[in-house]
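The structure appears below as structure tokens.
Predicted, not measured: the structure shown is a model, and the values here were computed from it. Atoms within a ligand are numbered from 1 in the order they appear, just like the ligands themselves.
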Amino acid sequence: MLQVFQVTPRIWCARRPSYLTCSYVVSAGCGLVLVDAGMDSQGRDMERLLQQSFRARPEDVRAILLTHWHNDHAAGAAVVRARSSARVYYHPADRPQLTRATARPGLRGRLADAIPEHGPLVLFKGLLGEAAPRAVEADRLVSDGEPVEDDFEVIATPGHTPGHVSYVFRPEKALFAGDALAVVGERVRFMARNVTPDRVEARRSMERLLEPGREVDVLCPGHREPMTRQVRERCEQMRQYLRGGGAWPLLG
Ligand SMILES: [Zn+2]
């Protein structure tokens with residue numbers, strides 16, 4: 001079952017109960033923009049998100065901004081791009097997985113293909129196959145600090161994957177953090193340790209996301225729940241914890 005709900009007047013979220021993975025649609029100046037593209041490689045999750053939010057279709061999407069290559073975030077990108085000619089953006093360090101250059105041949109690849117997309121093993125599916133389920137080319141490879149489609153800005157946030165990036169939607173001061181951090185209950189937290197291969201980089205990335213000048217009013221993470229209230233205060237709490245050298249708990 002897919003849950004679709006509104007976050008702000010211009011942002012809607014689609015969430016799968018397995019892993020509570022969140023993808024978003026944003027009504028930006030250029031038109032409709034997806035931030036991540038759901039875990040259904042046929043694009044059905046994004047179809048429902050677009051329909052229930054802005055009464056739109058995949059054909060109406062103008063751009064797709066991917067935070068990283070993992071299946072639960074990027075699976076729907078190839079199909080939406082094929083139907084809409086949307087411009088696709090991601091970081092070059094995740095390109096080998098997104099274009100399936102890394103896809104495993106033989107038994108390992110076949111096993112990965114056999115795992116269902118919506119079940120609890122979906123993460124395993126991507127890691128076993130070491131690639132997104134359908135290859136998707138970028139129309140532009142992004143790097144830190146670049147503007148994208150006028151309204152967005154890229155923040156490089158490696159750690160969870162080498163090419164992980166976050167995006168700021170400037171008109172609403174909304175931060176799409178992907179899996180660079182977690183929101184649990186009313187707090188900003190770490191991601192779980194076991195899904196963060198490079199914790200030194202990941203910690204640095206979190207510090208960058210939470211730096212004081214950024215003024216985040218809406219925090220849209222890659223899992224669980226967007227945060228829309230007291231966001232600056234809660235970011236500040238986590239920033240202080242990081243500055244004080246706070247430990248990274250096992251489950252984040
Ligand atoms: Zn991930």
Side-chain angles (χ1 to χ4, degrees), residues 2 13-24 34-41 45-46 49 64-78 80 88-104 112 115-136 138 142 154-167 175-184 188-206 208-209 219-226 248-252:
L2 186 75
C13 176
R15 180 171 64 191
R16 277 266 170 198
S18 48
Y19 293 108
L20 301 175
T21 305
C22 296
S23 293
Y24 299 90
L34 298 182
V35 181
D36 286 337
M39 57 206 290
D40 184 296
S41 64
D45 288 5
M46 294 303 93
L49 170 63
I64 304 170
L65 319 186
L66 296 178
T67 59
H68 65 299
W69 73 266
H70 287 158
N71 292 24
D72 51 334
H73 300 267
V80 176
V88 172
Y89 298 85
Y90 55 72
H91 190 277
D94 275 16
R95 183 166 183 267
Q97 287 86 359
L98 283 162
T99 55
R100 290 184 60 80
T102 50
R104 299 291 290 232
I115 295 174
E117 283 187 343
H118 305 142
L121 293 174
V122 65
L123 274 193
F124 197 53
K125 179 183 177 74
L127 298 175
L128 196 65
E130 285 178 24
R134 293 191 189 201
V136 60
V142 299
V154 178
I155 308 168
T157 45
H160 180 74
T161 67
H164 191 291
V165 292
S166 303
Y167 299 94
L175 172 61
F176 295 90
D179 290 354
L181 51 71
V183 170
V184 183
V188 181
R189 300 269 296 265
F190 296 95
M191 285 291 285
R193 287 172 76 120
N194 65 346
V195 296
T196 312
D198 190 335
R199 289 199 291 276
V200 174
E201 278 280 22
R203 205 175 167 107
R204 211 172 289 144
S205 293
M206 280 182 75
R208 301 198 56 220
L209 286 181
L219 179 51
C220 297
H223 295 267
R224 292 173 184 270
E225 195 95 53
W248 190 314
L250 194 59
L251 297 177

When you measure from the side chain of [X] to the backbone of [Y], do you find a donor-acceptor pair of N or O atoms at a distance under 3.5 Å?
X    : Y    : value
R189 : G252 : yes
H223 : D179 : no
H91  : A93  : yes

Open item on the list: Under 2.8 Å from the Zn ion (ligand 1), can any N, O or S atom of H164 be found?
Closed with: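 Coordinating: no.
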- [ ] Name whichever N, O or S atom of H70 ends up nearest to the Zn ion (ligand 1).
- [x] ND1
TODO: Report, rounded to 10°, the angle at the Zn ion (ligand 1) between the two atoms OD2 (D179) and NE2 (H68).
DONE: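 Output for this angle: 90°, rounded to tens.
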- [ ] Check whether any side-chain heavy atom of T157 sits under 4.5 Å from a side-chain heavy atom of R208, and report yes or no.
- [x]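 In short, these two side chains do not touch, never coming nearer than 4.5 Å.
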